[in-house]
Amino acid sequence: MAPPPTLEGPCKLLPAPAPGSDVFAAVASEYAALADEYGPRNVLVLKRHPTGLESLTEALADADLSRADGGPRSPRVESLPEHASKTIEEYDPTLDRLEYEERIELISLVIDGANRSVPDYLERAAAHESFTRDVGQLLLAATRQRIRRDELDDPHDCLAFLYAMNDRFHAELDDRGYVERADVIPQAVDLLEADADGLRTRVTASFDAVLAVEFEEYRRLDRRYLAALTRDAELVCLGERHASVERTRVEPGSVDEIAADAGLEVELLEPETVRTTDARSPHQPIVRFLATGESPEQPPDADSMGRARRIRTGTAREQVRAVATEIQSLRDRHGWSYDAFAVAAPRIERVPEIRRRLRDAGVPTATIGTPSLAEDPAVNELYAVVTCQCERERDGDALERLASATTQGASDPRAASINRLRARVPDFSPALLADTAGASVRRSLERWIHRTDLKGRIAREEEWVDAREQYEGIRRVLEIADFVEETDLVGPDWQGLRRMLRRTIRYDAPYVHAVETRPPTGGVTVCAIDDLKYDSRNAVFLLDLIDETYPGEQFLTQLFPQAWLRQMTAYPAVTDPSLEAITDTFATVDTADVGDPFETYHAQRSRRQLALGARAAERALYCCSYERGAGGLRRSYDESRYLQLIDATPGLTLADVDASAGVAIHGETNALEALLAQPRGELERVLRKASTGGEADLGETEALFEEIAVVLEEGDVDADLADAVRSQFEFAAGEVVRDD
């Protein structure tokens, strides 16, 4: 392993996670000092992660500069991976970055062609749906940390095999002139340190100072990149104590220790430098408690009390509905716009479902992401086209025979593809496939998109959020078609394209694709909790605060049993932390309370995630949980242990919210569900009254049922909906028994 990098300059640290406005104020202050000395155009601001880059840029653009040199005031702000990518392009503009879809295909071919035996465990694990994604994440992490098989001393058989495949995979990339995204920073480090072809001189000529933001998340190779970049420039690092989640996944230690070991002079920002807690953020003591373990002073005064709100529901689906209701209620009370809200999921895989349910409830969402390709209607249409073209290529008359037969409900993929195209495309016929087919699969797909007005259909039929996502899906399919025609990995024909599309759709993972959280049209931001670190909203809803999520029951990966991970020292994450490492990394840990070091360490990372997500709220913080099945018919609340800890700490309060009380029903889905729930709900109300000896007012029930009957008889109500409402009356009356 290379010696630790040597950095020169100060590392200024905020004492604890503070409100986002405080963080931006501190960054703006340091930026203004450098910009006044060197000029705004000569100061490079590097943030470790891309998320929150727009918010940071806006804050720096408003910085109070005393120097006016007549040039543009736009700050130069980039994420470290973005800057490293430009460095590689500066060295060799002909290098191609391997896209995720291309990576899937190439690495699968490498593994398929392996001449060493696959460990039995991996053979069995390959049958699980998440296997390929888990392996992909493991190899991405190994690449980022530059872990090579030959440099390891007796690794576990499974890791030895996977790392050997990863080394072979990168040898193939080198031969083909590709660079993998995960390998951008390691390669850029090598090029800068060697000053290949005078690269370092060319790259560093455009700035005189570097402000490294979010320093607590800079890993070993990141710090080496920073060291190579700032040999002839002034460096100022800015970070936060008790705020590292990503770096601490792979290396333990506090940011103070990391900075000191790198040669930086650690400076703690004085309390007066940081704005005092805003009275509008009553939950800030909760943020501090989660991050540092510090409780409010006793007896607490009004300013030191920590207050947040809690939403508890029966199911995960009801949780999102309750959040939608509370968002509408806050809008009614305060007049807040939708983009004043953020809803945070524990994992990005949960984001597409949450967005969909919020939109069904009448809440517009702003987040533009790339959901699973398997759920994208436009991608499925194009995949059906490719499947049918493959059949045409094999047998020119096959589609006519299939189309003339009754194919409804057929399991044959060719028939299913024809059915899909019939349902989506007006006037579809096999002749349309023949008319759009040509020698180039890319141009053939473009002809299909144009002839069938695919983008126009999407624009007319879909909400703008769904339309944007489907346009992105179309772009990805066309890029895959380009790759198929250019590579020798698969044949440049319909069969090759179908093979690659099938594999990509099956193993697509949302965590590798960009998510835009503030498009110009506005709406509620839905994102993974980690994406809120450099963001702030009036109200933030933290979802899924149950113990199996925070801290969770399975850490790092599903690929290997937890007992194995504890012994895998070559795994690209912290698997065997010492007691000293745990207490040095997390101020919230008491040595006497450490049971299993592995679980304790990663549970504390989860606690920090909650703290950083909570600090994004400026006015109101909502902690949301739901019931979890406990086997059999029993269901019980299994709230996160951290919520329970907050509840038990003097000076910290969680106020329960009834998100269904007194709020108008918004959204078609909510309206339908409320209507269907009325018969059984009224019956339960009457039974509750009777069981306690009270008297139920049947006049209210009669009036409600008469109103529903009038709507069903005279209103423009779908027949299926009317039948569904009547069936609810039958259920309530006991005339129909549900067979569970």
Sub-4.5 Å side-chain heavy-atom contact between Leu235 and Leu264: yes

Phe560 and His156 aromatic ring geometry - parallel, tilted or perpendicular at 30°/60° bounds: tilted

Check: Asp92 side chain, Thr94 main-chain N or O, donor-acceptor pair, under 3.5 Å: yes

Derivation of the side-chain hydrogen bond (donor to acceptor under 3.5 Å, both in side chains) call for Gln389 and Arg392: CA-CA 5 Å; Gln389 296 289 16; Arg392 281 190 64 257; 3.0 Å; yes

Reference residue Glu446; test side-chain hydrogen bond (donor to acceptor under 3.5 Å, both in side chains); the match among His450, Arg442, Arg443: Arg442

Non-hydrogen atoms of Ile505 and Val379 that approach each other most closely: CD1-CG1, 4.0 Å

Donor-acceptor contact below 3.5 Å, side chain Gln470 vs main chain Asp376: no

Distance-minimising heavy-atom pair for Leu152 and Ala570: CD1-CB, 4.0 Å

Considering all heavy atoms, the nearest Asp167-Asp150 contact: OD2-N, 4.4 Å

Partner residues of Thr201 under the side-chain hydrogen bond (donor to acceptor under 3.5 Å, both in side chains) criterion, sequence neighbours left out: none

Basic-acidic side-chain contact under 4.0 Å: Glu251, Arg219: no

Short side-chain to backbone donor-acceptor contact, Thr57 and Val77, under 3.5 Å: no

Approximate separation, where rounding is to 0.5 Å, of Thr575 OG1 and Met568 CE: 9.0 Å

Non-hydrogen side-chain atoms of Glu216 and Ile258 separated by less than 4.5 Å: no

Aromatic ring pairing His83/Phe207, orientation class (parallel under 30°, perpendicular over 60°, tilted between): perpendicular

Separation of Arg144 CZ from Glu180 CD (nearest 0.5 Å): 8.0 Å

Pair Asp195-Arg231, salt bridge (charged side-chain N to carboxylate O under 4.0 Å, His left out): steps then yes or no: CA-CA 12 Å; Asp195 196 15; Arg231 290 184 183 179; over 6 Å; no

Sidechain-backbone polar pair: Thr452 side chain, Trp448 backbone, donor-acceptor under 3.5 Å: yes

For Leu421 against Val385, the heavy-atom pair lying closest together: CD2-CG2, 3.9 Å

Derivation and outcome, side chain to side chain contact (heavy atoms under 4.5 Å, CB included), residues Leu159 and Leu138: CA-CA 9 Å; Leu159 289 180; Leu138 168 63; 4.1 Å; yes

Charged N-O contact under 4.0 Å between Arg460 and Asp453: yes

Side chain to side chain, Arg223 and Arg247, heavy atoms closer than 4.5 Å: yes

Gap between atom CZ of Arg498 and atom OG1 of Thr387 - 0.5 Å precision: 4.0 Å

Arg502 vs Tyr383, side chain to side chain contact (heavy atoms under 4.5 Å, CB included): CA-CA, chis, key distance, verdict: CA-CA 8 Å; Arg502 182 174 63 246; Tyr383 183 69; 3.6 Å; yes

Leu433 backbone acceptor or donor facing Thr436 side chain under 3.5 Å: yes

pair Val477-Leu501: side-chain heavy atoms closer than 4.5 Å: yes

Side chain proximity check, Leu106 to Phe169, heavy atoms < 4.5 angstrom: yes

Flag side-chain contact, heavy atom, 4.5 Å: Tyr534 against Leu53: no

From CA spacing to verdict: side chain to side chain contact (heavy atoms under 4.5 Å, CB included), Ile88, Arg97: CA-CA 10 Å; Ile88 290 180; Arg97 282 182 298 185; over 6 Å; no

Side-chain touch Asp134/Gln137, heavy atoms, less than 4.5 angstrom: yes

Considering all heavy atoms, the nearest Leu46-Tyr218 contact: O-OH, 3.0 Å

Donor-acceptor pair, side chain of Arg76 and main chain of Pro40, under 3.5 angstrom: no

Side-chain (Asp232) to main-chain (Thr204) donor-acceptor, under 3.5 angstrom: no

Intermediate values then yes/no, side-chain hydrogen bond (donor to acceptor under 3.5 Å, both in side chains), Thr51 and Asp530: CA-CA 9 Å; Thr51 55; Asp530 292 338; over 6 Å; no

Heavy-atom closest contact (Pro155 atom, Ala160 atom, distance): CG-CB, 3.8 Å

Spacing of Leu559 atom CG and Gln554 atom CD [to the nearest 0.5 Å]: 10.0 Å

Pair Arg499 + Glu105, salt bridge at N-O below 4.0 Å: yes

Short side-chain to backbone donor-acceptor contact, Glu214 and His49, under 3.5 Å: yes

Residues in side-chain hydrogen bond (donor to acceptor under 3.5 Å, both in side chains) contact with Arg347, at least two apart in sequence or another chain: none

Interatomic distance, Ser440 atom OG to Leu445 atom CG [nearest 0.5 angstrom]: 8.5 Å

Charged N-O contact under 4.0 Å between Arg176 and Glu102: no

Sidechain-backbone polar pair: Arg350 side chain, Ala345 backbone, donor-acceptor under 3.5 Å: no

Basic-acidic side-chain contact under 4.0 Å: Arg475, Glu479: yes

Pair Arg503-Met500, side chain to side chain contact (heavy atoms under 4.5 Å, CB included): steps then yes or no: CA-CA 5 Å; Arg503 198 188 299 271; Met500 193 165 174; 5.9 Å; no

Minimum side-chain heavy-atom gap Gln145-Leu221 below 4.5 Å: no

Sidechain N-carboxylate O distance under 4.0 Å for Glu246, Arg48: no

Straight-line distance of Gln187 CD to Leu173 CG, nearest 0.5 Å: 8.5 Å

SB check Glu90 Lys86 (cutoff 4.0 Å): no

Side-chain (Asn42) to main-chain (Tyr38) donor-acceptor, under 3.5 angstrom: yes

